[in-house]
Amino acid sequence: MPAKTKAERDPHLAISPKNRKPDASEVEAVTIRFAGDSGDGVQLTGGQFTTATALSGNDLSTLPDYPAEIRAPVGTLPGVSGFQIQFSSRDVLTPGDRPDVLVAFNPAALKANLKDLAKGGTIILNTDAFTLQNFKKASIETNPLEDESLAAYKVVEVPMTTLTGNALEGLGLSPTQVSRCKNFFALGIMYWVYGRSLEATIAWIKKKFNKVPTMVEANTRALHAGHAFAETTEIFQNSYRVKKAPIAPGKYRNITGNEAAALGLVAAQQLSSHQLFYSTYPITPASDILHNLARLKAFGVKTFQAEDEIAAVGAAIGASFGGLLAVTGTSGPGLALKSEAIGLAVMTELPLLVINVQRGGPSTGLPTKTEQSDLLQALYGRNGESPVAIVAPATPGECFLAVIQACRLAMKYRHPVLFLSDGYLGNGSEPWKVPGIETLPKFEISHEPGVPPEDFQPYARDPKTLARPWVLPGTAGYEHRIGGLEKQDITGNVSYDPDNHEHMVHLRAEKIERMKADIPEITVLGEPKGKVLVAGWGSTYGAITTAVKQLQSEGKSVSAIHLRYLNPFPSNLEAILKNFDKVLVPEMNLGQLQMILRGRFLVDAIGLHKVKGQPFKITEIKEKIESLLENKES
Amino acid sequence: MADRTFPTPKTGPALTRKDFVSDQMVRWCPGCGDFAILAQVQKTLPKLGIPKEKIVFISGIGCSSRFPYYVDTYGFHSIHGRAPAIATGLKCARPDLQVWVVTGDGDGLSIGGNHLIHAIRRNIDINILLFNNRIYGLTKGQYSPTSERGKVTKSSPVGSLDRPIYPLRTALASEATFVARSVDADVQHLAETLERAATHKGTSFVEIYQNCIVFNNGAFEDIENRATRDDFVVKLEHGKPLIFGKDRDHGIRMKGGLTPEVVTFKPEEPPKDLLVHNEKAGAEFAYMLTQLEPPEFPTPVGVFRSVEEATYNDLLDAQIESAKKPGADDLSKLLAGPETWEVAA
């Protein structure tokens, strides 16, 4: 570890009487991770930094990484919560492979995150938390500030708690209250280092604590104090500027995938003129969709927090029978519980949208970590031949249009649609161009029987879509019964006839095939023919696209496709797959899409699998592609 | 948001039982108690003054759950145990509909127990009919959650070990606002009870003793048999003392505190301290009545409890109604969120 000056050891000594001019150097992209106890306000700090960064015109991508425990024991490794953001003057598609800067509020946060930090990266530490007691809690044997473990990094030691306390003197706050404000002190430091404006955060503090003027004062003071500290001490030799990214003009906001999905559902309500019924049971990481929708009563949105996952999907099916836009949301284990009822919706041919924000499994698994391991469950996890359509968004912002499209397919074809998001998409955020409502596609859904009562057949077919009529209770003269027993085609009567059953099994599969008419063909990123095609789905989009673009700029023969529809597949998929020597399928599972592509198209798809609860790094995908290009493996 | 409305059609000729008979062949075993219940439901529906397209029957799985196929209204034969959940969703979505749930002891209290108690505690405005035959019929004769302990069946050749669950006690423990019991064979009483249940606002829970002629025949023999039933049944009537017996010479009174006892008297001189039924009393009073059981006591039938409380579906609609203010449903504003920035061209 480089020897420190006296001023570095004691920042108070370093404060120079006159303000330094920011001596800003320009950088292209920066990745920062905030880490601390889940009670340290890490997610809040990250969220505020994100807003300030977005307002400054950078492109960005974020990834919160929080523990499953609400308040794990303070200072311990399981209690560490993290928030990562990458921002850049160019297009950003991932939250960054390795942080350049780590802000660690305690020793546990340092220990848990150090291995991810880029070599030569900067660590900003709250030295007040570096006590023997905290080392013990984090199972650290020697003080990392005194041994050689941090030698490869630039370490900035800041007694954040003490300095925050100094700034808040006279407000009469308890030590705990003071400590709670130190995240704003840290934020102030980061705002100076990256030239961010404090205004948006001050406005936020005022709004958030409007009933507690002391806390408005305290947090604002802490923020200013951090900013002034960074400006006046010499430990930050530099501040950095990331130029504005070339982003398409328009109005932007920052959005997470779960927010985008919730907004998409409200938009779908409007576009289809069908009231939204969102029925769910609280589960991580899908609950935010419920939280977002429960507030929107003024839009006529009905939310229902059911007694369990089965009741949640059951109530949605009931609402669909009644003619509403019925949606249930969950995560992996919840999808398992809903499977029988989804089969009922397949059998009764009722529209139903099931949102699965995937997490690490099996069983309770890793509730707060991301994974893509429910694809096969979504496709096949029901008794009988029970096909459902699958829509999978690729980015947080994309969840908006994807959910609208999923609603449209469900209502038009009278069939369940599964929406496969994941923890990374649901909680991750990116700048999102706010769409004009007039640009969104309306969809007409009719409940008219279209025939006089005496000719009405509940399982009559639309010749194009094969959908049956969605005639609602309350329609006089068209009383009919539906249910989970096999139905005779056209009449809808219960039928045990062998030929009819076979016909209906094929018919339900054919309904999914017919959806191809409503699904865009996939476009290839890069040349339409070549050595390696990387085929991905879901949240791996950012890492795959960045890796492929980087290799393409090096002149490598690699292209990429990203599947937003996994059932049915877009009609041009097979032709594309067969235009390449090798097909690589990176997935956060053990090869589920890979298996389907191999089985469906007899393509020798090669897998790249990661199941660590963390998204792919760009380098991981790049290395695999390079090795395939170099023929090191087949 | 355009809410779909379903205007009530102009009054036409009054509906009759026939209007509620569907074209489907009824496929219960000959002599099944379900036939009597179906007939009473079909007789009760025309009395309610509700157009038949506004009525929906929802069931789960089991013999009782075939019910919706046979009533010419809208209907949904769903999956095992889940009818209360589906009915809850439908009623929340479409409060204009009258929603009935038809379930059995296995469907409602075993696999679907959770949905049953939660529908009841929410006081969703639906009517739940639980056909209790104390046996699994459709799966051919295993003991059910309401079977008496020691029941010998195919799945319990030396007697079942489970203590039974009591439907009415479960409902009352879930703070049910309407709880009643009737018997398949007493058609008049059944019809009266169904009508009461249909007109109650909130969850109506009716347990109907129903004889399974194939797998549990005679389970309610004393109660169903015309010759014996007056001695084995006490009819609960609001404001009236609990008197029973062919000669109306037996009654029930409280032996201090909460312990009931049977007293015998001359019919013309009933004791003054007989227990008087009160439907509006707290759930604990009705709960005490559910503990009157043979052989010590007659089986009470009738309305145990009927009180008014706000329904979940009304409260849900009220929340939405009160949130509606001019401009509060501006989608553009919602999409933009709390913070936006402009990227210039």
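On a predicted model such as this, the values are computed, not experimentally measured, just so you know. Letters go in sequence order (proteins before strands), and every chain restarts at 1.
If you measure heavy-atom distances from B/L97 to chain A, the contacts under 4.5 Å come from the side chain alone. For chain A, no part of B/K91 is nearby; none of its heavy atoms comes within less than 4.5 Å. Within the 4.5 angstrom heavy-atom criterion, no atom of B/A87 approaches chain A. In this structure, the portion of B/D317 lying under 4.5 Å from any heavy atom of chain A is its side chain and not its backbone.
Note: A/I482 leads A/I482, A/L263, A/V434 in heavy-atom pairs under 4.5 Å with chain B. Contact tally against chain B (heavy-atom pairs below 4.5 Å) for A/K207, A/K251, A/K244: the top residue is A/K251. For the set A/G318, A/A267, A/A260, A/A203, the count of heavy-atom pairs under 4.5 angstrom toward chain B peaks at A/G318. Options A/N493, A/I317, A/V471, A/I255 differ in how many heavy-atom pairs under 4.5 Å they form with chain B, and the most are formed by A/N493. For the options B/S59, B/A93, B/G75, B/A85, heavy-atom pairs under 4.5 Å to chain A are most numerous at B/G75. Note on B/I58, B/V56, B/T73: by heavy-atom pairs under 4.5 Å with chain A, the leading option is B/T73. Note on B/Q24, B/H80, B/K325: by heavy-atom pairs under 4.5 Å with chain A, the leading option is B/Q24. Counting heavy-atom pairs under 4.5 Å between each of A/A245, A/A319, A/G484 and chain B puts A/A319 at the top. Counting heavy-atom pairs under 4.5 Å between each of A/K297, A/E479, A/K433 and chain B puts A/E479 at the top.
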Could you please spell out the steps behind the side-chain contact (heavy atoms from CB on, under 4.5 Å) verdict for B/T88 and A/F304?
CA-CA 10 Å; B/T88 296; A/F304 179 64; 3.6 Å; yes
side-chain contact (heavy atoms from CB on, under 4.5 Å) between B/Y69 and A/L485, intermediate numbers included
CA-CA 11 Å; B/Y69 290 122; A/L485 285 169; 3.8 Å; yes
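In terms of modelled atom types and a separation under 3.5 Å, the side chain of B/Y74 and the main chain of A/G322 share no donor-acceptor contact. Using a distance-only test at 3.5 Å, with no hydrogens or angles considered, no donor-acceptor pair links the side chain of B/R82 to the main chain of A/A311.
For the salt bridge (charged side-chain N to carboxylate O under 4.0 Å, His left out) test, residues two or more places apart in sequence or in another chain that qualify with A/K338 are A/E309.
Between the side chains of B/E339 and A/N254, no donor N or O sits under 3.5 Å from an acceptor N or O.
One finds a salt bridge joining A/E307 and B/R122 here, because a Lys/Arg side-chain nitrogen approaches an Asp/Glu carboxylate oxygen to under 4.0 Å.
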